[in-house]
Number of protein chains: 2
Amino acid sequence: MPTKKAQATRGTRRAPATANRAANQRADAQRNRAKILAATVTAIRKNPDASVADIAAEAGVGRMTLYGHFQTRAELIEEALVDSLERGEDVLKEVSLDGEAAAAFQRLVSSSWVLVDQSGALLAAAQKELPAARIRELHEKAEARMRTLLLRGQREGAFRNDLPVTWLLTTTHVVMNGAAEEVRAGRLDPDDAPWFIDAILLPAFTRAARETEDA
Amino acid sequence: MPTKKAQATRGTRRAPATANRAANQRADAQRNRAKILAATVTAIRKNPDASVADIAAEAGVGRMTLYGHFQTRAELIEEALVDSLERGEDVLKEVSLDGEAAAAFQRLVSSSWVLVDQSGALLAAAQKELPAARIRELHEKAEARMRTLLLRGQREGAFRNDLPVTWLLTTTHVVMNGAAEEVRAGRLDPDDAPWFIDAILLPAFTRAARETEDA
DNA sequence: TACATCCCGTACACCGATGCTTGAGTTACG
DNA sequence: CGTAACTCAAGCATCGGTGTACGGGATGTA
């Protein structure tokens, strides 16, 4: 009477299923795992609610092979997101945040843009599969970096301080994501995107000249 | 063997099922129809992928009653969107677009914001249920109004013309939608939103002082 | 009051996606 | 080269959502 869903079912295969990255797996298995992770990103990019079958197909792998590596759809999405964010970190931590705040911001944005363009759809998918807290947790590092920079800019007078940093942060996200969507829809040339993005953000964020009297 | 789905099944009730707004329906039926339309908006706002059952519940109406008014989920979403956009039009067409472009833009945005805040989630839901062409078609009027205004602003030198209008348009959408999401998530006070929105958009759109030499 | 209209619960067929099982075929690696 | 690890097809149970069928009961309208 297996009505109770599943619990320790697959326990015999590999112990915690997570955090066994480069353990005792066969070389070919690791390769497949990587293929699947990559395929997850591209499949979701094409179709925001791709099924597990779709992803497996995209990876050129059987659906069951996929389930051998990731017990559940949610786990797959999560690990794909973790993986993407780790690679993202590798890129972003190389960006110099020193010097003029506006220039640093521009550097950070144009580096981030590439990542958003690639993994933005995955992020969106993850948002309806994982608890919001987990998402925020995973983005913590990247978000903190941006927030710190914006704060410094505000203190130094480079960025306006009549708006909360959180709003500057969401604006940044939102504009980058919007550009990514436009690119996906074929309405925007990917090469134009970086320029378009900070053509909007820089003038929006730098100190406003005059107009604070309102109500 | 009714394997062929459904075709003329419900034909006996009302002829084309669409465009029978204030026909020979009973007063009480019309009232329910309205309740359902309204409930669709609020239900989707709470939960972006609410089921037909959820919506019926939100309307305080049986699921079958709902199917009596709308044959299919897609039809429900579409009619709800049409309805929302019609009301939106009623509001927006009252906004004066004369005078200084920037001021007119500000007026138009703050009127639009209310609508986006209310029906933005519905729009998002519609995007994965209706063909993109239909969506664009429905938004045509509202979009044209905004585009025309932006174009005039560019011609008059009030708005920058180093970016295509389409990009200004998407930026506007994206920022308003972002604000709506933040409000829904409880991270932004609805009263602050209008100010936050054009605090970003105005400086971003008005003529850039200097920095056109780049590449 | 009479009757056509409408409400709405129950029950059912269908569909697609998830997740599990089995069993046999491959393939890496010691 | 032999074995353990891995792949993968086919098939099944389950779940949730959509749309249909029916039929008694309420209610607006004439």
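Below, read A as the first sequence line, B as the second, and so on, with proteins coming before strands; counting in each chain starts at 1.
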(request) Can you sort out the partners of A:Lys93 under salt bridge (Lys or Arg N to Asp or Glu O under 4.0 Å), two or more places apart, ordered by chain and number? (result)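 Expected list: A:Asp90.
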Salt bridge (charged side-chain N to carboxylate O under 4.0 Å, His left out) contacts touching [range] (sequence neighbours left out):
range	result
residues 35-44 of chain A	none
residues 167-190 of chain B	B:Glu182-B:Arg187
residues 107-123 of chain B	B:Arg45-B:Asp117

(message) Among residues at least two apart in sequence or on other chains, which ones pass side-chain hydrogen bond (donor to acceptor under 3.5 Å, both in side chains) with A:Arg63?
(response)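 If we apply the side-chain hydrogen bond (donor to acceptor under 3.5 Å, both in side chains) test to A:Arg63, skipping adjacent residues, there are no hits.
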(message) I'd like to check the side-chain hydrogen bond (donor to acceptor under 3.5 Å, both in side chains) partners of A:Asn177; sequence neighbours left out, ordered by chain and number.
(response)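 side-chain hydrogen bond (donor to acceptor under 3.5 Å, both in side chains) list for A:Asn177, sorted by chain: empty.
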(request) Go through the N and O atoms of the side chain of A:Arg63 and the base of C:dG19, and report whether any donor-acceptor pair is under 3.5 Å. (result)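 Yes.
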Indicate every side-chain donor-acceptor pair of residues 125-134 of chain A with a distance under 3.5 Å to a residue at least two apart or in another chain.
| residue | atom | partner | partner atom | Å |
| --- | --- | --- | --- | --- |
| A:Glu129 | OE1 | A:Arg73 | NE | 3.1 |
| A:Glu129 | OE2 | A:Arg73 | NE | 3.3 |
| A:Arg134 | NE | A:Glu78 | OE2 | 2.5 |
| A:Arg134 | NH1 | A:Glu137 | OE1 | 3.4 |
| A:Arg134 | NH1 | A:Glu137 | OE2 | 3.3 |
| A:Arg134 | NH2 | A:Glu78 | OE2 | 2.7 |

(message) Give the residues of residues 42-56 of chain B touching DNA chain C, defined as any heavy atom closer than 4.0 Å, sorted by residue number.
(response)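 Result for residues 42-56 of chain B: none.
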(message) The criterion is ring-ring contact (aromatic ring centres under 6.0 Å, His included); which residues satisfy it with A:Phe159, sequence neighbours excluded?
(response)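 By the ring-ring contact (aromatic ring centres under 6.0 Å, His included) rule, A:Phe159 matches A:Phe105.
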(message) Please list all pairs meeting ring pair (Phe, Tyr, Trp, His ring centres under 6.0 Å) that have one or both residues in residues 116-136 of chain A, counting only residues at least two apart or in different chains.
(response)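 Non-adjacent pairs meeting ring pair (Phe, Tyr, Trp, His ring centres under 6.0 Å): zero.
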(message) For the helix from C:dT1-D:dA30 to C:dG30-D:dC1, what angle separates the axis at the start from the axis at the finish, each from five pairs, in steps of 10°?
(response)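 Helix axis angle between the two ends: 30°.
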Nucleotides 25-27 of chain D: which of its N/O atoms have a protein N/O under 3.5 Å away?
| residue | atom | partner | partner atom | Å |
| --- | --- | --- | --- | --- |
| D:dT27 | O2 | B:Arg26 | NH1 | 3.0 |

